[in-house]
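Protein chains get the first letters and strands the later ones, always in sequence-line order, with residue 1 at the start of each. Because the structure is predicted, anything quoted here is derived from the model rather than measured.
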Amino acid sequence: MPELPEVETIRRDLETILLERTIQSLQVKDLSVLTGIGPKGQPRRRISAPQFKSKILGKTVQKFDRRGKYLIMEFSDGTALVFHLRITGQLLVAPLNYPERIRFDFDEGQRLYFTDRRRFGEVIFSENWKALPEIVSLGVEPINEALSGEYLKSIFRGRSAPIHSILLNQKLVSGLGNIYVTEALFQAGLRPKRPCGKIPFSKLSELSQSIRQVIADSIEHRGYSMNTYVDAMGKKGRSQLFSKAYGKDGLPCPRCGATFKRIVLAGRGAVFCPRCQE
DNA sequence: AATGGCCTGGTG
DNA sequence: CACCAGGCCATT
């Protein structure tokens with residue numbers, strides 16, 4: 001559930017607390033956070049806790065970066081830890097409800113807890129994070145002019161898939177999940193099922209603005225905290241208070257009063273107003 | 001392009 | 001008790 005605005009909020013939090021700090025010790029309580037869990041429950045990468053520790057101990061944090069939904073803790077020697085929170089992952093500087101899977105102890109007493117109710121979240125150590133395949137394959141960031149009507153036109157051309165599914169594809173646009181795709185399509189007045197290749201340019205231009213707007217607003221509200229998301233201090237965001245369509249199945253549309261409908265596209269729920277989204 | 005698997009708390 | 005959400009990768 002953490003999408004771009006949630007990850008960005010955590011990034012900014014960590015930046016204020018852990019920059020220039022050195023890792024003194026760490027505890028790996030669940031190795032699968034490091035190896036990942038693949039098909040048939042098999043580990044996706046081969047790494048041991050001692051191996052991981054030897055790479056991390058004594059390193060100093062130089063920068064926190066973000067690419068799509070990935071959060072990167074970059075060390076002064078150029079190596080990095082790349083976090084993905086998937087659905088229920090949390091990065092906290094204060095312990096919360098459930099036990100941590102990894103804990104980092106810093107030189108001035110700060111602690112960083114990685115928790116995850118389920119076990120989809122991952123941490124990858126990399127000597128050159130920008131070259132990781134999962135990073136290289138990411139599409140443009142939806143926070144600035146890179147996500148223009150022209151860009152949308154170029155990635156939609158020749159495709160007939162529903163626009164909702166296309167916008168969830170991280171290789172085309174990185175950082176959007178179900179919440180913000182739902183909100184952006186509502187704001188732009190586009191039906192989730194609309195085949196993306198046949199949308200007029202003026203509408204794409206509008207959509208690009210809606211996406212950027214929805215993301216910027218949510219960063220300002222510090223993320224959507226209906227479920228497990230909290231910031232690095234363990235505090236909830238307020239974006240859920242402003243959501244217009246996501247999670248509103250069966251409720252009246254604030255724009256026209258019709259009842260929101262929910263359909264399933266590529267296995268994901270999409271909520272929309274059947275009257276004012278075309 | 002669509003489907004299944006990964007995991008587990010929450011809902012029907 | 002069965003089943004689903006959620007992001008992403010692997011397989012079809």
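The nearest whole Å value for the distance from the OH atom in A:Y229 to the P atom in C:dG7 is 15 Å. Counting to the nearest Å, the P atom of C:dC8 and the CZ atom of A:R67 are 12 Å from each other. In this entry the distance linking CD of A:E3 with C1' of C:dG7 reads 9 Å, nearest Å. If you take CG of A:L71 and C1' of C:dG7, they are 16 Å apart, rounded to a whole angstrom. Summarising the geometry, the separation between CZ on A:R44 and P on C:dT11 is reported as 11 Å, rounded to the nearest angstrom. In this structure, A:Y224 places its OH atom 15 Å from P of C:dA5, rounding to the nearest Å. When the P atom of C:dC9 is taken as reference, atom CD of A:E122 falls 9 Å away, rounded to whole Å. Between the P atom of C:dG7 and the OH atom of A:Y70 lies a distance of 13 Å, rounded to the nearest Å.
Nucleic acid contact class of A:N227 (heavy atoms, under 4.0 Å, all strands): none. Counting non-hydrogen atoms under 4.0 angstrom, A:R101 reaches nothing in the nucleic acid. Heavy atoms of A:R86 sit under 4.0 angstrom from at least one base atom.
Of the possible donor and acceptor atoms, one in the side chain of A:D107 sits under 3.5 Å from a partner among the backbone N and O of A:T22. Between the side chain of A:R66 and the backbone N or O of A:G68 there is at least one donor-acceptor pair closer than 3.5 Å. With hydrogens and angles ignored, the 3.5 Å screen pairs a side-chain donor or acceptor of A:E3 with a backbone N or O of A:I179. Of the possible polar contacts, none joining the A:T259 side chain to the A:G250 backbone as a donor-acceptor pair under 3.5 Å is found. Side chain of A:Q110 to backbone of A:V93: no donor-acceptor contact under 3.5 angstrom is found.
The side-chain tip of A:R255 points at the ring of A:F186 from less than 6.0 angstrom away and within 45° of straight on.
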Verdict with supporting geometry, A:K59 and A:T79, side chain to side chain donor-acceptor pair (under 3.5 Å):
CA-CA 9 Å; A:K59 299 224 168 156; A:T79 64; 3.2 Å; yes
Salt bridge (Lys or Arg N to Asp or Glu O under 4.0 Å) for A:R194 and A:E278? Distances and angles first, verdict last.
CA-CA 7 Å; A:R194 181 88 170 255; A:E278 304 174 49; over 6 Å; no
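Dashed line: the shortest gap from a side-chain N or O of A:R262 to OP1 or OP2 of C:dA5 is under 4.0 Å. Residue A:Y180 has no polar side-chain atom (N or O) positioned under 4.0 Å from OP1 or OP2 of C:dG7. Dashed line: the shortest gap from a side-chain N or O of A:H84 to OP1 or OP2 of C:dC8 is under 4.0 Å.
Note on the helix from B:dA1-C:dT12 to B:dG12-C:dC1: terminal axis deviation equals 60°, with five pairs used at each end and the result rounded to 10°.
Bounding nucleotides for the chain A contact on DNA chain B, 5' to 3', at a heavy-atom distance below 4.0 Å, are B:dA1 to B:dG9.
In summary, the side chains of A:Q240 and A:S225 do not present any donor paired with an acceptor at a separation below 3.5 Å, with no hydrogens or angles considered.
Side-chain heavy atoms closer than 4.5 Å link hydrophobic residues (I, L, V, M, F, W, Y) into clusters, and following such links, even through other members, never connects A:F75 to A:I135.
Within residues 154-169 of chain A, the residues that have a heavy atom under 4.0 Å from DNA chain B are, in order of number, A:R159, A:A161.
Using a 4.5 Å cut-off on side-chain heavy atoms (C-beta onward), A:L176 and A:I215 make contact.
Classification of the A:Y246-A:Y224 ring pair by plane angle, with boundaries at 30° and 60°, yields perpendicular.
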